[in-house]
Amino acid sequence: MNNKEYNALNDFRKYLNSKKRIVLKIGTQVLLSDKDKLSLSAFKRICSFSHSLIRQQKEVILVSSGAIAAGKDVLNTPPSSNNFSNNFSMPEKQAFAACGQAILMKNYGSCFKQYGIKTAQILLTKDDISSRKRFVNARNTIYELLKNKVVPIINENDTISYEEIKFSDNDHLSALVSNLVCADLLIILSNVRGVYDKNPVLHKDAKLIKTIDNIKDFMKDFKETSKSLQGTGGMKSKLYASFIAAGAGTDTIIISGKNGKSLDSFAGGILTGTFIPSLKNNINKKKHWLLFGMEKKGQIVIDKGAEDAIINKNKSLLASGILAVNGEFKKGEGVYIVNEEGKIFSIGISNFDSKDIKRIKGLKSHEIKTKFGEGNLSALVIHKDKLAVTA
Ligand code: GLU
């Protein structure tokens, strides 16, 4: 080992030491054998890896896929072709998930038990993340579990999620969970070693990228390199997940979950895979939730002056700067803020419903009072603490 390698080893050890709360995302392919069956040794590998991290005083939260693939064999439904995602109907996949989720938990439960670690299941839908109350409730539950040294194992509640209210995939879910639990690090276990400069299946000389300094710029030019048959995400969705995590100040590392030795080395302080540091100008967790978690219902179109005040002066949105309201929404719901050119540049939580905003748009505070009296209406449509700028 030369000096440089020695330093790199020490640096990563130090880095890993500083990361206390880790979200570990496990893709379906990681849990399957070559014959596309659930592999017990994969569960053992993951539990052993989690245990190594927990032994280093870290809190580990799992986001695990695999329910649909695990349940498929229970029901024995014949596929109509070999493209997994397209060849089973939504109810079929939901039924697979209902059977498979129990199998997943049984396997995790028995493997973790060997280390004396207890597990808990948490199933989330997009609605649970969208609603601030449910989001905070899920967070409180997870914190209570962590306090009691229980490993939460999270998956999407597939049996009741349908297309419109689904997360795009579990990579996406893991990024939102990272914000939910205020994670220091998101580790995405994949069936490849990390992110390559070109498709490693087609190009023998493809090189593993060790660090992606600016995930936002990197994603602009990235073309999908590989996509698995049974899982839903590909590398692009992992990068998007790391971009979401980066915005909330969480670093991501994408590594292979297929190789026990490399997981051992990782836990021992050797960085394998691709490291994606968080963005320097990351935003606070609540604003991050506004941008990526909360559901948006309508649009408020505003003039140039109000746009400038929000972007450059961190000001609240006042009625006087509002030109139009599109769609219908209630007080307390999320809305897109759109500029005169029709570009969405911000997201916020409205103090009034869409009908009321139509009544007060363009008016100054004293004009609102003269017209509507000292009632519930005021010039403050969205407070600056409930506004987040998308850029
Ligand atoms: N929730 C799905 C499952 O457990 C996986 C979705 C995904 O892999 O993105 O099978």
Side-chain angles (χ1 to χ4, degrees), residues 123-141 156-157 160-168 172-173 175-182 244 247-248 283-303 306-307 309-311 314-363 365 368 371-372 375-391:
L123 299 177
L124 296 174
T125 62
K126 207 172 167 191
D127 274 354
D128 301 322
I129 299 282
S130 270
S131 138
R132 188 72 195 170
K133 256 193 200 152
R134 279 146 80 171
F135 181 89
V136 170
N137 266 308
R139 172 183 283 166
N140 291 344
T141 306
E156 179 162 10
N157 196 350
I160 54 163
S161 298
Y162 55 94
E163 223 61 83
E164 286 83 58
I165 61 149
K166 268 189 88 55
F167 299 105
S168 33
H172 183 202
L173 173 63
L176 298 178
V177 165
S178 297
N179 182 32
L180 178 89
V181 303
C182 305
I244 297 178
I283 47 176
N284 78 41
K285 304 270 186 250
K286 176 107 189 246
K287 292 205 174 192
H288 187 272
W289 170 80
L290 278 179
L291 289 179
F292 296 104
M294 183 189 59
E295 191 187 356
K296 292 89 184 168
K297 287 284 172 66
Q299 291 189 340
I300 298 179
V301 185
I302 67 171
D303 65 20
E307 180 187 3
I310 291 173
I311 297 181
N314 187 30
K315 295 276 190 206
S316 300
L317 172 62
L318 302 179
S320 56
I322 297 179
L323 300 173
V325 179
N326 300 327
E328 282 185 13
F329 50 87
K330 296 198 197 89
K331 174 182 172 175
E333 287 188 329
V335 288
Y336 291 110
I337 316 294
V338 178
N339 67 12
E340 284 180 33
E341 282 85 49
K343 186 171 172 255
I344 294 171
F345 72 92
S346 172
I347 281 157
I349 300 179
S350 176
N351 279 343
F352 304 111
D353 68 28
S354 45
K355 279 196 196 110
D356 279 339
I357 300 178
K358 279 182 188 157
R359 291 162 70 204
I360 59 174
K361 75 178 162 61
L363 300 181
S365 185
I368 296 173
K371 213 167 162 188
F372 304 105
N376 295 331
L377 294 177
S378 77
L380 183 65
V381 175
I382 303 181
H383 189 273
K384 61 180 181 186
D385 290 347
K386 293 179 176 175
L387 265 178
V389 176
T390 54

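Because the structure is predicted, anything quoted here is derived from the model rather than measured.
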Checklist entry - Looking only at atom types and distance, does a side-chain atom of Lys296 sit under 3.5 Å from a main-chain N or O of Leu291, one as donor and one as acceptor? => result yes
Next on the checklist: Nearest 0.5 angstrom please: Leu380 CG to Phe352 CZ, how far?
Outcome noted: 7.0 Å
Item to check | Ser130 side, atom OG; Trp289 side, atom CH2 - distance, nearest 0.5 Å | outcome: 7.5 Å
Item to check | Minimal non-hydrogen separation, His288 against Ile244, with atom names | outcome: NE2-O, 2.7 Å
Next on the checklist: Determine whether a donor-acceptor pair (N or O, by modelled atom type, separation under 3.5 Å) exists between the side chain of Ser365 and the backbone of Ala379.
Outcome noted: no
Next on the checklist: In the structure I gave you, are the side-chain heavy atoms of Lys126 and Ser161 within less than 4.5 Å of one another anywhere?
Outcome noted: no
Checklist entry - What's the verdict on side chain to side chain contact (heavy atoms under 4.5 Å, CB included) for Met294 and Ile349, showing C-alpha distance, side-chain angles and the deciding distance? => result CA-CA 9 Å; Met294 183 189 59; Ile349 300 179; 3.7 Å; yes
Checklist entry - With distance as the sole test, does Ser316 use its side chain to make a donor-acceptor pair with the main-chain N or O of Lys384 at under 3.5 Å? => result yes
Next on the checklist: Can you give me the closest heavy-atom contact between Ile129 and Phe135, atom names plus distance?
Outcome noted: O-CD1, 3.7 Å
Next on the checklist: Going by salt bridge (Lys or Arg N to Asp or Glu O under 4.0 Å), name the residues that satisfy it together with Lys297, two or more places apart in sequence or in a different chain.
Outcome noted: Glu333
Next on the checklist: Within this structure, what is the NZ-OG distance for the pair Lys285 and Ser178, rounded to the nearest 0.5 Å?
Outcome noted: 9.0 Å
Item to check | Heavy-atom pair with the smallest gap, counting every atom of Leu387 and Ser346 | outcome: CD2-OG, 3.5 Å
Hey, can you pull the donor-acceptor pairs under 3.5 Å for the side chains in residues 318-330, sequence neighbours left out?
residue: Asn326; atom: ND2; partner: Gln299; partner atom: OE1; Å: 3.1

Item to check | For Asn157, side chain to side chain donor-acceptor pair (under 3.5 Å) partners two or more places apart | outcome: Thr159
Checklist entry - What's the shortest heavy-atom distance between Asn284 and Lys287, and which atoms? => result OD1-N, 2.9 Å
Checklist entry - Quick one: does Leu290's side chain get under 4.5 Å of Ile283's, heavy atoms only? => result no
Next on the checklist: Using 0.5 Å steps for rounding, measure from the CD1 atom of Ile337 to the CD1 atom of Ile310.
Outcome noted: 6.0 Å
Next on the checklist: Nearest 0.5 angstrom please: Leu377 CG to Leu363 CG, how far?
Outcome noted: 10.0 Å
Next on the checklist: Walk me through whether Val381 and Asn351 qualify under side chain to side chain contact (heavy atoms under 4.5 Å, CB included).
Outcome noted: CA-CA 5 Å; Val381 175; Asn351 279 343; 5.7 Å; no
Item to check | For Arg134, all residues meeting salt bridge (Lys or Arg N to Asp or Glu O under 4.0 Å), sequence neighbours excluded | outcome: Asp128
Checklist outcome for this item: Shortest non-hydrogen pair, Leu124 vs Ala138, comes out as CD2-CB, 4.2 Å
Next on the checklist: If you define the side chain from C-beta out and look only at heavy atoms, does anything of Glu340 sit under 4.5 Å from Asp303?
Outcome noted: yes
Item to check | Over all atoms of both residues, closest heavy-atom pair of Ile302 and Phe345 | outcome: CD1-CZ, 3.5 Å
Checklist entry - For Glu307, which residues count as a salt bridge (Lys or Arg N to Asp or Glu O under 4.0 Å) partner, sequence neighbours excluded? => result none
Item to check | Lys331 side chain vs Ser350 backbone, donor-acceptor pair below 3.5 Å | outcome: no
Item to check | Atom NZ of Lys315 with >12 non-hydrogen neighbours under 6.0 angstrom | outcome: no
Checklist entry - Taking atom CD1 of Ile360 and atom CD1 of Ile368, what is their separation to the nearest 0.5 Å? => result 4.5 Å
Next on the checklist: For Asn140, is the CG atom crowded, meaning more than 12 foreign heavy atoms sit under 6.0 Å from it?
Outcome noted: yes
Checklist entry - Quick one: side chain to side chain donor-acceptor pair (under 3.5 Å) partners of Arg359, sequence neighbours excluded? => result Asp356
